[in-house]
Amino acid sequence: MPSQRITPSRHLKGMPVIPGDKSISHRSLIFGALAKGQTEISNLLESGDVQSTARCLRQLGVEIQKVKAQYIVQGKGGYSFGSPSEILDCGNSGTTMRLLMGVLASQALKATLSGDSSLVKRPMKRVADPLTLMGARFDLTNGNFAPLTIQGNHLHGINYELKIASAQIKTAIILAALNAEGVTQISGEIHSRDHTERMLTHFGGKLDSRPEALSIMGGQELKGNKIKVPGDPSTAAFWLGAAALIPGSEVLMENISLNPSRTGFAEVLKRMNVQIKTQITQLEPEPIGTVQAFFDDLKGVKVTPDKVPSLIDEIPLLAVLATQAHGTTTIEGAEELRVKESDRLEAVAQNLRAMGANIETRPDGFKIVGPQKLRGATIESFHDHRIAMAFSIAGLVAQGETEIKDAECVSISYPQFFETLRELTR
Ligand code: S3P
């Protein structure tokens, strides 16, 4: 699937089935691997990134099997993985690499982690730094990048102030803290997605969670459990966004994660005038429910830095929506987008300009004044799944045909994306 062609659509209607949440899928496999006994995961996301985590865990001696529709993980009952004989290839997945750094830092082994041409350009010192303070030893390429080698060591708890609101860094520290001596306290920017904190409790672990700090006691034993992975809200976002753009549209999605640390995009859509209805059907261990969106005229919106972590992966799509909204949309405090699978601020700007739109980029965000007409263009995906999907949605409201280059990258998080797009716009 080298490139995909998108033509304008007159409406979008249906009830797409949304695959499992990517963040929760990675964590299910990792917690299952560390726990005592068996973990049964249903609705695990079957995508490139999650396969990277499963592949690395298998290389570390963890047994993971698919039995009918479930994934069964035979837990190691602690931090006792085997030394990998080869490099652990994390593919395109930052979550795989960063979470495994936390898992491996305290184990009596040496491992080298690497990834594809995008992952080796992404910063890893931000994870290695706190783990080094705990006693782990890392050798990073040029001091910041993969390939990186971990020499596991006996760890001790630390007090650490997080400077970046990143769930991946927070999770790496929590995963290391569980096998460290004493207590680890994390303060600062801790209000990113909280799936790790919730899953820890689900596996029988303890964590003291206060608004200003998280405390984790070392030496905890986790117990295998059953997990049903909810639908990924960052995937559902594409259909909410498309429904908001195309007159006469309506979509309804069930079993979607409504975790408040992930609902930022839906909240911004409401502020943009989109009719969104949500209904919670389950609260524990993760809030899950139904989401419905209908077309309405969009208006511009201001997104402040405090909201960015709750919609970090949806910002490229938000930029596309902003071109069709009346008034000004601004995003601030989104500098992290520059170190995702691509520099997403540049990728968005380049592709919107190719479609004839104006966008003012800033080091930490952008300003878009709408509405603006989009015309079909050749879109550079930069092999970044979220760029490919956001601009496919742009293609639905552009004049003429849009070509998405290297479109196979959608398989990183949503392999069925184009198939579902065709079904919904038929
Ligand atoms: C993720 C956290 C976010 C997000 C990524 C998945 C996670 O990254 O962008 O897609 O599963 O913890 P950061 O923690 O680096 O912001």
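Counting starts at 1 for both ligands and their atoms, in listed order. Throughout, residue positions are numbered sequentially from 1 according to the sequence presented.
Between Glu314 and Arg386 there is no salt bridge, since no side-chain nitrogen of the basic residue lies less than 4.0 Å from a carboxylate oxygen of the acidic one. The pair Glu286-Arg262 fails the salt-bridge criterion, with no side-chain N (NZ, NE, NH1 or NH2) lying under 4.0 Å from an Asp/Glu carboxylate O. Ionic pairing of Asp384 and Lys340 is not present here: no N-O contact between side-chain nitrogen and carboxylate oxygen is shorter than 4.0 angstrom. Salt bridge absent: Asp343 and Lys121 never bring a charged side-chain N and a carboxylate O closer than 4.0 Å.
Ligand 1 has an N or O atom lying under 3.5 Å from an N or O atom of Ala167, backbone or side chain. Between Ser166 and ligand 1, at least one pair of N/O atoms sits closer than 3.5 Å.
With a 4.0 Å cut-off on non-hydrogen atoms, Arg27 touches ligand 1 through its side chain and not its backbone. At a heavy-atom cutoff of 4.0 Å, ligand 1 is contacted by no atom of His26, backbone or side chain.
Checked by atom type, the side-chain pair Thr149/Asp139 shows no donor-acceptor distance below 3.5 Å. Checked by atom type, the side-chain pair Asp49/Ser47 shows no donor-acceptor distance below 3.5 Å.
Among all non-hydrogen protein atoms, the one lying nearest atom 1 (C) of ligand 1 is Gln168 NE2, 3.6 Å. Residue, atom and distance of the protein heavy atom nearest to atom 11 (O) of ligand 1 are Ser23 OG, 2.7 Å. With respect to atom 4 (C) of ligand 1, the closest heavy atom belonging to the protein is Asp313 OD2, 3.4 Å.
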Notebook entry, point to check: Where do Thr171 and Thr196 land on the side-chain hydrogen bond (donor to acceptor under 3.5 Å, both in side chains) test, with the steps shown first?
Noted result: CA-CA 6 Å; Thr171 301; Thr196 305; 2.8 Å; yes
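Heavy-atom separations between Thr95 and ligand 1 include at least one value shorter than 4.0 Å.
Considering each of Lys170, Lys340, Glu341, the one bringing a non-hydrogen atom nearest atom 16 (O) of ligand 1 is Lys340.
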